[in-house]
Amino acid sequence: MSFGQALTIGSTVVQMKQQSAIGKFNQRVAERNAAILEYEAQKIDQQAEFDIARFNQQFRKSVGTVNVALAKSGVVITSGSAERVKESNNLEKEMQNKITRYNADVSMANKMEEARFSRIQGQMARNAARLANISTVAKAGTSLLSMSNFGKKKITDYFPKKDKGILVGDM
């Protein structure tokens, strides 16, 4: 083995290790980003639950204030306009809760999709490193072959032809 061949082999091994390390690092970064996005999705869900609970609390306070005002004015709360207002308010409350939940669900789905995409990017980075390794090995193999006695230009050079008793390759 010549010095050039040893140098080619050594540099190929180092390059392959670096490519693998870069691929693994990029995959870890993508996995970490995915975990952060999943955490953000979880926080969106918690925030939605908090917002709904806070809205319900404020709604109960406003209903109580309206009921007290109606009772002071002598209106019967269980019939007529007061009952329709109460129904309308309850429908508005349900609608607000559903809108809050829907918006949170959409945001959570977006975050989870981003997390999945981040994981896919990590896998692609790892696979790109593997392909780079294959390419490096192929280039090193080509380089080593060109340094050795296999580096002849034509396949016919391996089959000497006789011309007046002298081999063509010996000329």
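Index from 1, following the sequence.
- Residues Met112 and Ala41 share a closest heavy-atom pair of SD-CB, 3.9 Å.
- Here the closest non-hydrogen pair linking Ala48 and Arg101 is CB-NH2, 3.5 Å.
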Quiz item: Can you check side chain to side chain contact (heavy atoms under 4.5 Å, CB included) on Asn56 and Arg60, steps first, answer last?
Solution: CA-CA 6 Å; Asn56 288 342; Arg60 281 191 302 273; 3.8 Å; yes
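- For the atom pair NZ (Lys139) and CD (Gln15), the distance works out to 7.5 Å, reported to the nearest 0.5 Å.
- At distances below 3.5 Å, at least one donor-acceptor pair connects side-chain atoms of Ser20 with backbone N or O atoms of Met16.
- Salt bridge Arg116/Glu113: present, at least one basic N to carboxylate O contact under 4.0 Å.
- Not a single donor-acceptor pair under 3.5 Å links the side chain of Ser88 to the backbone N or O of Arg84.
- Interatomic distance, CD of Gln19 versus CD1 of Ile22, reported as 7.5 Å (0.5 Å rounding).
- The heavy-atom pair separating Ser118 from Ala30 by the smallest distance is OG-O, 2.7 Å.
- Here the closest non-hydrogen pair linking Ala104 and Ile44 is O-CG2, 3.6 Å.
- The backbone N or O of Phe59 lies less than 3.5 Å from a partner atom in the side chain of Ser62, making a donor-acceptor pair.
- Hydrophobic cluster membership of Ile120, counting Ile, Leu, Val, Met, Phe, Trp and Tyr whose side-chain heavy atoms lie under 4.5 Å apart directly or via other members: Met124.
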Practice problem: Take Gln47 and Asp51, measure what side-chain hydrogen bond (donor to acceptor under 3.5 Å, both in side chains) needs, and give me the verdict at the end. | Solution: CA-CA 6 Å; Gln47 184 65 45; Asp51 290 346; 2.8 Å; yes
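- In this structure a side-chain-to-backbone donor-acceptor pair under 3.5 Å is present from Ser107 to Asn103.
- Of all the heavy atoms in Arg119 and Ala35, the pair that sits closest is NH2-N, 4.4 Å.
- Looking at Gln46 and Lys43, their side chains do bring a donor and an acceptor atom within 3.5 Å of each other.
- No chain of hydrophobic side-chain contacts below 4.5 Å, direct or via other Ile, Leu, Val, Met, Phe, Trp or Tyr residues, connects Tyr102 to Met108.
- With rounding to the nearest 0.5 Å, the separation of CD in Glu40 from CG in Asp45 is 14.0 Å.
- Summarising the geometry of Ala125 relative to Asn26, their closest heavy-atom pair is CB-CB, 3.6 Å, with the distance given to 0.1 Å.
- Under the 3.5 Å distance criterion, with hydrogens and angles disregarded, no donor-acceptor pair is assigned to the side chains of Asn127 and Gln123.
- The CG atom of Leu91 lies 12.5 Å from the NZ atom of Lys86; values are rounded to the nearest 0.5 Å.
- Taking the charged nitrogens against the carboxylate oxygens, Glu38 and Lys111 have no contact shorter than 4.0 Å, which rules out a salt bridge.
- With a 4.5 Å cut-off between side-chain heavy atoms of Ile, Leu, Val, Met, Phe, Trp and Tyr, the cluster of Phe25 takes in Val29.
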